[in-house]
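Here the structure comes first, spelled out in structure tokens, and everything after it is commentary.
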Amino acid sequence: PRLDDGALLVRRTVNVSGAGKCFVNDVSVSATTLRRLGEVLLDIHGPYDHQSLLSNDYQCRFLDAYGSCRKLLDEYRACRDELRSAEKKIESLCGDPATVAAEIEMLSYAVDELERAALSEADGEALIERHHEAANAERIVEDGNALCNLLSDGEGAVFELMTKVQRHLSDLSSVLRDAEAWRNDALGITLQVQELYSAIRGRISSADGAEEDLQALDERVTLVERLKRKYGPTLEDVLKNFAAKKSRLDELESRSSRLEELKTSVGALEKKVLECGEK
């Protein structure tokens, strides 16, 4: 919680047993946190003048600031971090042979399983939609055909009625000027009916054979869901997991040459770190 005007309220209570509690804006904190906060908020003057000058970290920061070393320090830290990263990679590749062999076996199994599955983005929402359509193909075709009959194919369909409406409006326009505008409106409705009919008829055609694919889609959905439980929880996680495992397996299987590369890299980085440190 924050107090008005950005105020900071520090409070410490001590009970009769000697134990105490520290609070900052009524939030309980440890004595260590309170001590660190105090170092930021105030400096203590005593026989040794500024007590903060006794801190090694403060001395380093003060000296770096005095020498305008920020750019050099950042360069040094970047080199040092790169060196540590390379050393960690070497350490990860130089494990116990039995442990490395066991990891290779485990990774090989996982990578092989995921490669055979050949998952892609199409196994996400698009797969669920195809499966749902195949499972309801009979109903889609039945309702779709009924709509097509109402719109155009059946007797007394909307298209046939709209054609009659246009003909009557054409006759009427010879004696009533407004009828010409109505006939144009009716023509627009007729064209929309035709477009709707074409869209429904085309969609029915694609759904007509979907039921035959239902078993294959069932198996695919089951496979994807199993792999998501094992390597997921989402399809995106599974794909990332696969890439990470394959990369790690490639590293381990080519670890001899990879180690040589890393050791060469470490040598160059050590030299670069020393050069930056000397600057």
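Along the sequence shown, residues carry numbers from 1. These values consider heavy atoms only, across backbone and side chains, with no hydrogens, waters or symmetry-generated copies. Here the structure is a predicted model, which is why all the values come from computation and not from measurement.
Looking only at side-chain heavy atoms (C-beta outward), Leu107 and Arg248 come within less than 4.5 Å of each other. For the pair Leu72/Cys276, no side-chain contact is recorded, criterion being any heavy-atom separation below 4.5 Å from C-beta on. Here the side chains of Lys88 and Ser92 are not in contact, with every heavy-atom distance at 4.5 Å or above. Put simply, the side chain of Phe23 does not reach to within 4.5 Å of the side chain of Leu34, judged on heavy atoms. For the pair Arg255 and Val100, the minimum side-chain heavy-atom distance is below 4.5 Å. At a threshold of 4.5 Å between non-hydrogen side-chain atoms, the residues Leu214 and His131 count as touching. The shortest distance between side-chain heavy atoms of Lys279 and Cys69 does not fall below 4.5 Å.
Taking every heavy atom of both residues into account, Ala186 and Leu169 meet most closely at CB-CD1, 3.9 Å. Listed here is the closest heavy atom pair of Glu103 and Leu252: CD-CD1, 3.6 Å. When all heavy atoms are compared, the tightest approach of Ala110 to Lys245 is CB-CD, 3.8 Å. Counting all heavy atoms, side chain and backbone alike, Gly144 lies closest to Ile200 at O-CG2, 3.8 Å. Residues Leu223 and Ala117 share a closest heavy-atom pair of CD2-CB, 4.1 Å. For the residue pair Asp153 and Tyr197, the shortest heavy atom distance occurs at OD1-OH, 2.7 Å.
Salt bridge Asp123/Arg220: present, at least one basic N to carboxylate O contact under 4.0 Å. With respect to Arg61 and Asp57, a salt bridge is recorded, a charged nitrogen being found less than 4.0 Å from a carboxylate O. A salt bridge links Glu113 with Lys230: at least one charged nitrogen is closer than 4.0 Å to a carboxylate oxygen. A salt bridge links Arg183 to Glu180: at least one charged side-chain nitrogen sits closer than 4.0 Å to a carboxylate oxygen. The pair Asp213-Arg130 does not meet the salt-bridge criterion, since no charged nitrogen lies less than 4.0 angstrom from a carboxylate oxygen. Residues Lys240 and Glu236 are paired through a salt bridge, judged by an N-O separation under 4.0 Å between the basic side chain and the carboxylate.
Atom-to-atom distance recorded for Arg201:CZ and Leu196:CG is 12.0 Å, nearest 0.5 angstrom. With rounding to the nearest 0.5 angstrom, the CG atom of Leu239 is 5.5 Å from the CD atom of Glu121. How far CG of Leu83 is from NZ of Lys271: 14.5 Å, rounded to the nearest 0.5 Å. The CG atom of Leu119 sits 10.0 Å away from atom CG of Leu127, with the distance rounded to the nearest 0.5 Å. A distance of 6.5 Å separates CD in Glu115 from CG in Asp112, rounded to the nearest 0.5 Å. Between the NE2 atom of His168 and the NZ atom of Lys164 there is a distance of 7.5 Å, given to the nearest 0.5 Å.
Thr234 and Asp237 are linked by a side-chain donor-acceptor pair at a separation below 3.5 angstrom, with hydrogens and angles left out of the test. Checking Thr190 against Gln166 by side-chain atom types alone, a donor-acceptor pair falls below 3.5 Å.
Here the side chain of Ser265 pairs no donor or acceptor atom with the backbone of Glu261 at under 3.5 angstrom. Using modelled atom types, no side-chain atom of Ser152 and backbone atom of Cys148 make a donor-acceptor pair closer than 3.5 Å. The backbone N or O of Val141 sits less than 3.5 Å from a side-chain atom of Asn145, completing a donor-acceptor pair. Distance alone, capped at 3.5 Å, places no donor-acceptor pair between the Asn25 side chain and the Leu8 backbone. Between the side chain of Ser173 and the backbone N or O of Ser170, at least one donor-acceptor pair lies under 3.5 Å.
Linking Ile, Leu, Val, Met, Phe, Trp and Tyr residues whenever their side-chain heavy atoms come within less than 4.5 Å places Val273 and Leu262 in a single cluster. Residues Ile189 and Leu187 do not share a hydrophobic cluster, clusters being chains of Ile/Leu/Val/Met/Phe/Trp/Tyr side chains in contact below 4.5 Å. Taking hydrophobic clusters as Ile, Leu, Val, Met, Phe, Trp and Tyr residues chained together by side-chain heavy-atom distances below 4.5 Å, Ile204 does not share a cluster with Leu150. The hydrophobic clustering, which links ILVMFWY residues whose side-chain heavy atoms are closer than 4.5 Å, places Val10 and Val29 together. Both Leu227 and Leu249 belong to a common hydrophobic cluster when Ile, Leu, Val, Met, Phe, Trp and Tyr are linked at side-chain heavy-atom distances under 4.5 angstrom.
In the displayed structure, Lys246 atom NZ is contacted under 6.0 Å by at most 12 heavy atoms of other residues, nucleotides or ligands. Counting non-hydrogen atoms of other residues, nucleotides and ligands closer than 6.0 Å to CZ of Arg36 gives a total of 12 or fewer. Surrounding CD of Glu275 are more than 12 heavy atoms belonging to other residues, nucleotides or ligands, all under 6.0 Å away.
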Trace of the salt bridge (charged side-chain N to carboxylate O under 4.0 Å, His left out) decision for Asp81 with Arg77:
CA-CA 6 Å; Asp81 291 344; Arg77 284 175 174 163; over 6 Å; no
Determine whether Asp250 and Arg258 satisfy the following criterion, salt bridge (charged side-chain N to carboxylate O under 4.0 Å, His left out), listing intermediate values before the conclusion.
CA-CA 10 Å; Asp250 291 342; Arg258 182 62 178 146; over 6 Å; no
Steps toward side-chain contact (heavy atoms from CB on, under 4.5 Å) verdict (Val165, Trp182):
CA-CA 10 Å; Val165 168; Trp182 297 341; over 6 Å; no
If you apply the rule salt bridge (charged side-chain N to carboxylate O under 4.0 Å, His left out), what do you find for Lys272 with Glu82, and how did you get there?
CA-CA 10 Å; Lys272 192 173 180 181; Glu82 194 176 352; 5.2 Å; no
Please test Arg139 against Glu142 for salt bridge (charged side-chain N to carboxylate O under 4.0 Å, His left out), starting from the C-alpha separation and ending with a verdict.
CA-CA 5 Å; Arg139 179 180 171 183; Glu142 183 180 340; over 6 Å; no
Go through the steps for Cys22 and Thr33 under the test side-chain contact (heavy atoms from CB on, under 4.5 Å), then give the verdict.
CA-CA 9 Å; Cys22 305; Thr33 300; over 6 Å; no
Please step through side-chain contact (heavy atoms from CB on, under 4.5 Å) for the pair Glu270 and Leu274, ending with a clear verdict.
CA-CA 6 Å; Glu270 285 176 340; Leu274 286 174; 5.5 Å; no
Which is it for Tyr231 and Leu114 under the side-chain contact (heavy atoms from CB on, under 4.5 Å) test, yes or no, and what are the steps along the way?
CA-CA 9 Å; Tyr231 302 107; Leu114 291 166; 3.8 Å; yes
